[in-house]
Protein chains: 2
Amino acid sequence: MSPSLVYLVDDDAAIRDALAWLLRSRSIQSRSWDSAEAFLRDYDATMSGCLILDMRMVGMTGMELYEQLRARGCAMPTIFLTGHGDVPLAVKTLKRGAFDFIEKPFNDNELVDRVLEALQQEESRRWRDADRSQTEERLATLTEREKEVMACILAGKLNKMIADELQIAMRTVEVHRARIFEKMGVRSAVELAQLLSAHSSNGSR
Amino acid sequence: MSPSLVYLVDDDAAIRDALAWLLRSRSIQSRSWDSAEAFLRDYDATMSGCLILDMRMVGMTGMELYEQLRARGCAMPTIFLTGHGDVPLAVKTLKRGAFDFIEKPFNDNELVDRVLEALQQEESRRWRDADRSQTEERLATLTEREKEVMACILAGKLNKMIADELQIAMRTVEVHRARIFEKMGVRSAVELAQLLSAHSSNGSR
DNA sequence: GTGGTTCTTGCGGAAATCCACAATGGCGGC
DNA sequence: GCCGCCATTGTGGATTTCCGCAAGAACCAC
């Protein structure tokens, strides 16, 4: 996976340079783009870190870029910069899930602090995500029948009831059950329930 | 439990009256206070609905009141009103968990929309909370020994292993196990795992 | 001391789970 | 046609769970 870094998108070269210099001086790596369109071209889902987007840019705005990225499944924490912000815009931006909204000119230390917070949040999110996607992959290896049986197991049904419901022999249910445990990497129905409870509760957030 | 309503705190009588009238005209019930201190005196944990707080008041500010209420476990969604807001204040307020931050003068329809959203959020939160506290109550009825055994069950251990670990007879474990299920209102270890997984994942939010 | 709660244990049987060994039939790809 | 994957089933036995019946010991409260 890519290491965490700061992705900086601003059409003002002076700001880009100043920010890159600032971050570099605190040993934070960054990469810069001069337009939303340019970043969107380079973006790929393996990127990890935080975004710093200028709100008002020629062409696509920072907010539009943000929405595009979210639509593509990007969940990186995002700090917006603006030269002409107002309260309603700030509120709207944060309610859409932005990590922060900062007016230019900004205080260097404060910005760096926000960036570090964002990077840390991203870090923990990635860990959770890794667990989630592993579970996801394992779920994907289950056959249709196995998923049906698993649903019954999670509903707390006994093998006998499952057999009855799916119109198959108990022995078959047992085979499925064993294979589900094996594929999902658990050793009991309890572990399975915990794995999937955690999985769905994080996923629906 | 109290029905949902809007709790309005503002030291400006004109605003209070205007808001109360506005809400009433949309069939939304509200109650008003003229200071943070006055509300804090009347506050009790059974109140449910949403808060509308003026940011700047003589004496305790809206933000201070908000923090006080949070400290007391109040989780009502809160809309802040401000006559002299700026972007950093708006950002700080939202990042502390406010539901919205609205400048005066406000648009009537918009405000009502926010209030309705807040009330709806509160509604669903209350449902989740009710489930949580029921589980909490049930957990409280477990004896120490039962909690120990439950921990083992959730760790996926077999009765035999539990008996070994706690240095008691298998039969004793079985008794505890049955009583745990009975007290927690579940009928299998799987249901127990699901109940507690959901419980802790909502609780740590 | 009586009564209630909790923790403990044993016996014995019904029911369920787990598992190795063994096997059949369908389906799609090479 | 052969191979692999999937779903299916059976037998039989070891292991585990579930539960009623019965009961002893510790502890605390009234």
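Naming convention: chains lettered A, B, ... in sequence-line order (proteins, then strands); numbering from 1 in each chain.
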Roughly how many Å is it from CZ in A:Arg145 to C1' in C:dG26, rounded to a whole number? 14 Å
What do the steps show when you test A:Asn109 against A:Arg26 for side chain to side chain donor-acceptor pair (under 3.5 Å), and what is the final call? CA-CA 10 Å; A:Asn109 289 326; A:Arg26 311 294 174 98; 2.8 Å; yes
Respond yes when some side-chain nitrogen or oxygen of B:Lys160 is under 4.0 Å from OP1 or OP2 of D:dT15, and no when none is. no
Is the shortest side-chain N/O distance from B:Thr143 to OP1 or OP2 of C:dT5 below 4.0 Å? no
Which residues, if any, of residues 161-194 of chain A bring a heavy atom under 4.0 Å of DNA chain C? A:Arg171, A:Glu174, A:Arg177
Given D:dT16, is OP1 or OP2 found less than 4.0 Å from the side-chain N or O atoms of B:Asn159? no
As an exercise, state the distance from CG of A:Leu154 to CG of A:Leu192, rounded to the nearest 0.5 Å. 5.0 Å
Ion pair present between A:Lys104 and A:Asp12, side-chain N to carboxylate O less than 4.0 angstrom? no
Charged N-O contact under 4.0 Å between A:Glu148 and A:Arg145: yes
Pair B:Arg177 + B:Glu174, salt bridge at N-O below 4.0 Å: no
Could you tell me how the ring of B:Phe101 sits relative to the ring of B:Phe80: parallel (under 30°), tilted (30 to 60°) or perpendicular (over 60°)? tilted
Taken to the nearest whole Å, CG/A:Leu158 to P/D:dT16 is 19 Å
Spacing between A:Glu146 atom CD and D:dC6 atom C1', to the nearest angstrom: 9 Å
